[in-house]
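Given the structure is predicted, the values throughout are model-derived calculations rather than measurements.
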Amino acid sequence: MSSDSADASAPPPEDAGPDNGPAVSRREFDALFEAVRTWGRWDDAGRGAWNRVTGEHVRRAVGLVRTGAVVPMARPWDTVAGPDNGKPALHYMSDLGEVEAGVEAGVEAPEPSTHKDFLGADYHGKSVSHLDALAHVAYRGRLYGGGSARELVGSGGARFGAVAALGPLVTRGVLLDLPAVLGTAWLEPGRAVRAADVVAAQEALGVEIGEGDAVLLRVGRFRRRRELGAWDADASCAGLHVDAVPPLAERGIALLGSDGDNDVRPSPVAGVHSPVHALAVAAMGVPLLDNLDLEALSEACAGAGRYAFLLVVAPLNVPGGTGSPVTPVAVL
């Protein structure tokens, strides 16, 4: 069992309904998609917004390190089914160092004995901390850059926008800690983070989002889960409203992440279940980090009195993969 698996489902939010509005029509959403679209901007289109991060960005990010405190942000590998873990990750031992008869039990010949295990995960869900590559999301049948998803993604994987094309990312990270700004332990499921919230958070935390930055949004999901129990995060989760995306697009961010999956749920856009995914990945070429545990980072940033840091993201090198389980690391 993972260290924070809950025995009971969390109670529903106290209010009568989700604060996920205002509602957005499909026509309004399509106009927004066109407004933030960056197709054709970079020669290496498969890396999308990671093209923004230059050597100078990396040098400036390294210069943010003061104490050397290292804060990982991945959840424990969760093998227990629950309301937010419909396809549990797999972990089992494949070799216990056992040997054939005639040799001392429990010792391989020759020495040393070894123990081996297997890991597997259908990681695009609400449990595994993972990176969404550009091949993960298409809107109206088109991947980032305009290529046909049907032609570019098949049973053998993706021929465009795969996670292997991204490589590692080293850049400046910015934590927008909404519960800290609002003086609450967490945002209730269904609560939308609006454009005004993003602006207010920067002012309150004394940080300004810049080009090439990785923006991490904390809504307090895993603190709520630990204290109240798990719930169906597909049905209700705090996250970004689509009106918060244009300010991030204007800043030229390279990466977006959250302790939810970035989208407020239920979606405020009729007919689009993950509108922030569509805008970030398919329109802007911005990969996403989903299901981060940001509690330790929240405490570290509060203790340091600053919300910008060096961020390192190193996804698995999976040719054709639409993403990867990942352990992002902040260094303060």
Side-chain angles (χ1 to χ4, degrees), residues 47 49-76 129-132 166-182 185-187 193 197-223 239-240 244 247-262 280 286-315 324-332:
R47 298 187 73 242
W50 283 19
N51 285 288
R52 290 191 167 109
V53 181
T54 65
E56 182 57 32
H57 284 95
V58 175
R59 287 190 289 272
R60 288 201 301 265
V62 170
L64 295 171
V65 176
R66 299 288 184 270
T67 67
V70 176
V71 185
M73 290 171 263
R75 296 196 64 237
S129 301
H130 68 271
L131 176 77
D132 291 340
L166 290 174
L169 180 73
V170 179
T171 193
R172 177 180 183 255
V174 172
L175 178 64
L176 298 183
D177 195 337
L178 263 294
V181 171
L182 298 173
W186 54 72
L187 303 187
V193 175
D197 294 317
V198 171
V199 173
Q202 291 179 82
E203 294 176 353
L205 300 173
V207 67
E208 185 174 349
I209 298 168
E211 185 178 5
D213 282 353
V215 176
L216 305 180
L217 171 70
R218 175 177 173 258
V219 299
R221 174 187 167 198
F222 290 110
R223 178 172 175 182
L240 291 169
L248 298 175
E250 290 168 7
R251 296 286 185 172
I253 66 171
L255 177 67
L256 180 62
S258 177
D259 50 357
D261 72 350
N262 293 285
V286 172
L288 298 178
L289 289 170
D290 293 340
N291 308 320
L292 303 179
D293 190 333
L294 298 176
E295 297 309 302
L297 182 60
S298 173
E299 293 178 8
C301 286
R306 57 193 178 93
Y307 288 81
F309 41 83
L310 171 67
L311 180 71
V312 180
V313 181
S324 165
V326 70
T327 300
V329 174
V331 186
L332 283 78

Colleague: Quick check for you: to the nearest 0.5 Å, what is the distance between Leu217 atom CG and Asp197 atom CG?
Modeller: 9.0 Å
Colleague: Out of curiosity, Arg172 CZ to Ile209 CD1, how far, rounded to the nearest 0.5 Å?
Modeller: 8.5 Å
Colleague: Which value, rounded to the nearest 0.5 Å, describes the distance between Ser298 atom OG and Leu178 atom CG?
Modeller: 11.0 Å
Colleague: Any side-chain to backbone donor/acceptor pair from Asn262 onto Leu289? Under 3.5 Å, distance only.
Modeller: yes
Colleague: Heavy-atom distance under 4.5 Å between the side chains of Cys301 and Asp177, does that happen here?
Modeller: no
Colleague: Between Glu211 and Thr54, does the side chain to side chain contact (heavy atoms under 4.5 Å, CB included) criterion hold? Intermediate values first, please.
Modeller: CA-CA 10 Å; Glu211 185 178 5; Thr54 65; over 6 Å; no
Colleague: Which heavy atom of Pro179 sits nearest a heavy atom of Leu187, and at what distance?
Modeller: CG-N, 4.2 Å
Colleague: What verdict does the side chain to side chain contact (heavy atoms under 4.5 Å, CB included) test give for Val58 and Val53, after you've listed the backbone C-alpha separation in whole Å, the side-chain angles of each residue and the deciding distance to 0.1 Å?
Modeller: CA-CA 7 Å; Val58 175; Val53 181; 4.1 Å; yes
Colleague: Is there a donor-acceptor pair closer than 3.5 Å between any side-chain N or O of Arg52 and the backbone N or O of Ile253?
Modeller: yes
Colleague: Which value, rounded to the nearest 0.5 Å, describes the distance between His130 atom NE2 and Leu292 atom CG?
Modeller: 9.5 Å
Colleague: How close do Ala244 and Leu240 get, counting heavy atoms only, and between which atoms?
Modeller: CB-CD2, 3.8 Å
Colleague: How far apart are the closest heavy atoms of Val215 and Leu176, and which atoms are they?
Modeller: CG1-CD1, 3.8 Å
Colleague: Apply side chain to side chain contact (heavy atoms under 4.5 Å, CB included) to Leu294 and Leu175, showing your working.
Modeller: CA-CA 9 Å; Leu294 298 176; Leu175 178 64; 4.2 Å; yes
Colleague: Taking C-beta and beyond as the side chain, do Phe309 and Leu216 meet within less than 4.5 Å on heavy atoms?
Modeller: yes
Colleague: Using a 3.5 Å distance criterion without hydrogens, assess whether the side chain of Trp50 forms a donor-acceptor pair with backbone atoms of Ala254.
Modeller: yes
Colleague: Between Arg251 (side chain) and Asp213 (backbone), is there a donor-acceptor pair under 3.5 Å?
Modeller: no
Colleague: Kindly say whether Arg75 contributes a backbone atom to a donor-acceptor pair with the side chain of Asp293 at under 3.5 angstrom?
Modeller: no
Colleague: What distance do Arg306 atom CZ and Leu332 atom CG have between them, rounded to the nearest 0.5 Å?
Modeller: 4.5 Å
Colleague: Looking only at non-hydrogen atoms, find the nearest pair between Val313 and Leu255 and report the distance.
Modeller: CG2-CD2, 4.0 Å
Colleague: Taking all non-hydrogen atoms of both residues, which atom of Ala74 and which atom of Thr327 are closest, and how far apart?
Modeller: CB-OG1, 3.4 Å
Colleague: Give me the atom names and distance for the closest heavy-atom approach of Val286 to Ala49.
Modeller: CG2-CB, 3.7 Å
Colleague: What is the distance from atom CE of Met73 to atom CD of Glu295, rounded to the nearest 0.5 Å?
Modeller: 12.5 Å
Colleague: Okay, side chain of Arg221, backbone of Arg218: is any donor-acceptor separation there less than 3.5 Å?
Modeller: no
Colleague: Is it true that a side-chain atom of Ser258 and a backbone atom of Asp290 form a donor plus acceptor pair closer than 3.5 Å?
Modeller: no
Colleague: Ser324 side chain to Leu131 main-chain N or O, any donor-acceptor pair under 3.5 Å?
Modeller: no
Colleague: Between Thr171 (side chain only) and Ala214 (backbone N and O only), is there a donor and an acceptor less than 3.5 Å apart?
Modeller: no
